[in-house]
There are 2 protein chains.
Amino acid sequence: MSVIAKKQESSTNAERRRRGKELILRVAEEVFANLGFQGATMTEIGKRAGLPKANIHYYFSSKAKLYQRVIDNVFTVWLKAADKFDDHDDPRQALTAYISAKMELARSRPNGSKVWANEIIRGAPMIRDYLETHLLDWCISREARIQSWIDRGMMRPVNPRYLLYMIWASTQHYADFGTQITVLNNGEALSDEAFDEAKNTLIDVILNGLLYESN
Amino acid sequence: MSVIAKKQESSTNAERRRRGKELILRVAEEVFANLGFQGATMTEIGKRAGLPKANIHYYFSSKAKLYQRVIDNVFTVWLKAADKFDDHDDPRQALTAYISAKMELARSRPNGSKVWANEIIRGAPMIRDYLETHLLDWCISREARIQSWIDRGMMRPVNPRYLLYMIWASTQHYADFGTQITVLNNGEALSDEAFDEAKNTLIDVILNGLLYESN
DNA sequence: GTCTATAGAATGATAGAC
DNA sequence: GTCTATCATTCTATAGAC
């Protein structure tokens, strides 16, 4: 076997290993979201991934480590969507883009949002440092941006932080409380059209609540 | 011992028993809120209540039954606050009263809100029937009320259901995500003044977003 | 009613064969 | 790398003394 062939085989194995880890992470996100950290079991994660639990321990040394990796992914995805906030220097466009991005995330990755919510409700034992550093930094810089809009008379004066909380809460609700929303929708998940209407209602009320008539 | 004395003693014992159950329920709400259903243990509940776990089982036959009772209490308290919605036939007054009541509940009973959130995130296994009956009924009647305001030109047209979700989400956030809010507040819980400002921001944005200038 | 002790089941983690 | 078998721990729940 040539060196090149060896390299290719090695690359293939690495690739397979990566895919195995990806699969486990995806399944683990779902299980942690629906059962909480304590409720989730390695056996259940293994079962849904089609593996004995010993294999999960082979890839991720402990349940806590696996959970930490799931949380890392959730935060990475959130950060990426949150950057939509910076695309425009106009409150109407920026807030519309941000609310839309958050709603699309709630739609496409509800389990990530649930894991995050579960973790916060528990008192954030695993991610306190994220909150104290990355999240706080993100907030401070965006609050400055919102304040500059207020100072320039582009929107009504509100405490920027409470505005951010309002947007987080009302968008993430469609992921975290998806079960309740489905039950109240006669047991059917919101259609794409209904979800769009919900999104537009949020944008409509918040922008109307913040912007002056003239804008 | 006279019959009256016997009656009094019996009443005192019943009273003590009731107080014992109350204490356990209060402690259980806190433990379920912070650890989730699976994370909460009878040992921990007993420890915080100053009792061995066998006593908890004496008062509540099983962990599931105790949890169900905690959930019952949460829903009862919520229903009472939700009635604030009916005190006025004017959107400004009614929505202000309702948002205020929800925020006061988030402030005074954050653990109840967290238990509810945990239960919904898990897929509402224990309270699906509540959602399908009591909560749905409550929604339908209040949506009709909101719709009548819209029909009478008292507020801008929005889908009443998504407005309710917005109010629930943005108020309950202050309970469910209290840990995150505290960390972002430099590790200190929101002061009464800050909480009031948050409440007024919500009322301000939502009412401004819904009502016509002339109102 | 209250407690100690323990049964019986489930879980995270690992050893060791293949 | 993958699997079976198993250990050590922890949990719900109950038995039984007081």
Side-chain angles (χ1 to χ4, degrees), chain A residues 1 6-25 27-32 34-71 115 118-119 122 125-126, chain B residues 1 6-25 27-32 34-71 118 122 125-126:
Chain A
M1 192 183 282
K6 255 189 190 161
K7 256 193 175 167
Q8 280 177 337
E9 189 196 37
S10 166
S11 160
T12 300
N13 285 344
E15 181 67 14
R16 197 166 300 160
R17 184 186 171 93
R18 195 186 61 76
R19 263 204 284 271
K21 289 183 93 164
E22 288 292 326
L23 171 65
I24 293 169
L25 282 169
V27 168
E29 182 177 287
E30 183 187 327
V31 176
F32 281 126
N34 293 318
L35 300 175
F37 177 72
Q38 315 265 359
T41 67
M42 301 302 267
T43 304
E44 179 65 23
I45 293 170
K47 193 159 69 181
R48 294 204 204 181
L51 298 165
K53 65 178 172 179
N55 290 37
I56 316 291
H57 275 100
Y58 175 74
Y59 284 108
F60 303 90
S61 57
S62 72
K63 182 182 175 181
K65 283 262 172 55
L66 172 57
Y67 180 75
Q68 186 67 252
R69 286 290 308 276
V70 168
I71 288 269
V115 171
N118 255 324
E119 171 67 9
R122 287 203 308 153
M126 318 282 269
Chain B
M1 190 183 285
K6 254 188 190 163
K7 255 193 174 165
Q8 280 177 341
E9 190 197 36
S10 165
S11 160
T12 300
N13 284 343
E15 181 66 15
R16 196 168 299 158
R17 184 186 170 95
R18 195 187 61 75
R19 263 203 284 270
K21 290 183 90 166
E22 288 293 325
L23 171 65
I24 293 169
L25 281 169
V27 168
E29 181 177 288
E30 182 187 327
V31 176
F32 281 126
N34 293 319
L35 301 175
F37 177 72
Q38 315 264 0
T41 66
M42 301 302 265
T43 304
E44 179 64 23
I45 294 170
K47 192 160 69 182
R48 295 204 204 182
L51 297 166
K53 64 179 171 178
N55 291 35
I56 316 291
H57 275 101
Y58 175 76
Y59 285 108
F60 302 91
S61 57
S62 72
K63 182 181 175 181
K65 283 263 172 56
L66 172 57
Y67 180 75
Q68 185 68 251
R69 286 290 308 276
V70 169
I71 289 267
N118 255 324
R122 287 202 308 152
M126 318 282 270

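Chain letters run A, B, ... following the sequence lines, proteins first, then strands; residues in each count from 1.
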Checklist entry - Just wondering, more than 12 heavy atoms not from B:Lys21 lying within 6.0 Å of its NZ? => result yes
Item to check | With B:Arg17 via side-chain hydrogen bond (donor to acceptor under 3.5 Å, both in side chains) - residues at least two apart | outcome: none
Item to check | Distance under 6.0 Å and angle within 45° of ring axis: A:Lys63 vs A:Phe37 | outcome: yes
Checklist entry - Rounded to the Å, how far apart are B:Phe60 CZ and D:dT14 P? => result 15 Å
Checklist entry - For the atom pair NZ (A:Lys47) and CD1 (A:Ile56), what is the distance rounded to the nearest 0.5 Å? => result 13.0 Å
Checklist entry - Does a nitrogen or oxygen in the side chain of A:Asn55 sit under 4.0 Å from OP1 or OP2 of D:dC3? => result yes
Next on the checklist: Check the phosphate of C:dC3 against B:Tyr58, side-chain N and O only, distance under 4.0 Å to OP1 or OP2. Yes or no?
Outcome noted: no
Checklist entry - Roughly how far, to the nearest 0.5 Å, is the CD atom of A:Gln38 from the CG atom of A:Asn118? => result 10.5 Å
For nucleotides 11-18 of chain C, which of its nitrogen or oxygen atoms have a protein nitrogen or oxygen under 3.5 Å away, and what is each distance?
| from | atom 1 | to | atom 2 | distance (Å) |
| --- | --- | --- | --- | --- |
| C:dG12 | OP1 | A:Ala40 | O | 3.3 |
| C:dG12 | OP1 | A:Lys63 | NZ | 2.9 |
| C:dG12 | OP2 | A:Met42 | N | 3.0 |
| C:dG12 | N7 | A:Lys53 | NZ | 3.1 |
| C:dA13 | OP2 | A:His57 | NE2 | 3.0 |
| C:dA13 | OP2 | A:Lys63 | N | 2.8 |
| C:dA13 | N6 | A:Lys53 | NZ | 3.0 |

Item to check | A:Leu51 CG to D:dT4 C1', straight-line distance once rounded to whole Å | outcome: 14 Å
Next on the checklist: Is the shortest side-chain heavy-atom distance between A:Val115 and A:Tyr67 below 4.5 Å?
Outcome noted: yes
